[in-house]
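Structure record follows, encoded as structure tokens.
Computed from a predicted structure; not experimentally measured.
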Amino acid sequence: MTDSKKKQYWRENIRYVLILLSIWFLVSYGAGILFKDALDTIRIGGFKLGFWFAQQGSIYVFVILIFVYVYLMNRLDRKYHFDED
């Protein structure tokens, strides 16, 4: 594999990481702290939505983002032929 292909692979990997971390930040910090008052007008299971995001929602989103990252990296590996033994 050429150096330019390795750099492209790494650039795409970093882009995925930054996008997914941004989503996690928006959900955990944004929904749990910044937008808490607006989200508290909605209730889930008797709890205010802002509280739910601060306590559990960000954890669920983080776990989902792990699976999304695995999917994206498997696809990226196939694209650059890193999936071969």
Side-chain angles (χ1 to χ4, degrees):
M1 176 170 277
T2 65
D3 284 340
S4 66
K5 288 287 186 186
K6 289 178 186 177
K7 287 180 182 178
Q8 287 175 339
Y9 174 86
W10 189 246
R11 243 183 263 122
E12 285 188 54
N13 180 23
I14 295 299
R15 186 174 56 114
Y16 288 152
V17 169
L18 291 175
I19 290 169
L20 294 175
L21 284 175
S22 298
I23 292 170
W24 186 41
F25 174 78
L26 287 173
V27 170
S28 62
Y29 187 75
I33 297 171
L34 295 178
F35 308 121
K36 179 189 170 297
D37 294 332
L39 292 172
D40 279 346
T41 60
I42 303 168
R43 292 187 171 269
I44 290 182
F47 296 101
K48 296 177 180 178
L49 188 59
F51 172 80
W52 185 84
F53 267 110
Q55 298 302 312
Q56 296 182 21
S58 61
I59 296 169
Y60 291 145
V61 170
F62 181 67
V63 171
I64 291 167
L65 290 177
I66 291 171
F67 286 105
V68 169
Y69 180 71
V70 168
Y71 170 77
L72 290 171
M73 288 310 297
N74 284 335
R75 196 174 72 176
L76 189 64
D77 287 347
R78 283 191 302 275
K79 179 180 175 182
Y80 287 97
H81 305 293
F82 281 128
D83 61 336
E84 300 170 358
D85 290 332

Within one Ile-Leu-Val-Met-Phe-Trp-Tyr cluster: V68 and Y71, side-chain cutoff 4.5 Å: yes
Show me the donor-acceptor pairs, under 3.5 Å and distance only, between side chains in residues 13-35 and residues at least two apart or in other chains.
from, atom 1, to, atom 2, distance (Å)
N13, OD1, Y69, OH, 3.0
S22, OG, L18, O, 2.7
S28, OG, W24, O, 2.9

hydrophobic_cluster_shared for I59 and V61, side chain cutoff 4.5 Å: no
Residue pairs, two or more places apart or on separate chains, that pass salt bridge (Lys or Arg N to Asp or Glu O under 4.0 Å) and touch residues 55-71: none
Side-chain cluster (under 4.5 Å, hydrophobic types only) that F51 belongs to, other residues: F47
With Y80 via side-chain contact (heavy atoms from CB on, under 4.5 Å) - residues at least two apart: M1, K5, Q8, Y9, E12, L76, F82
I'd like a table of donor-acceptor pairs (distance under 3.5 Å, sequence neighbours excluded) in which one partner is a side-chain atom from residues 38-45, with atom names and distances.
from, atom 1, to, atom 2, distance (Å)
D40, OD1, G50, N, 3.1
D40, OD2, K36, NZ, 2.7
T41, OG1, A38, O, 2.8
R43, NH1, G46, O, 2.9

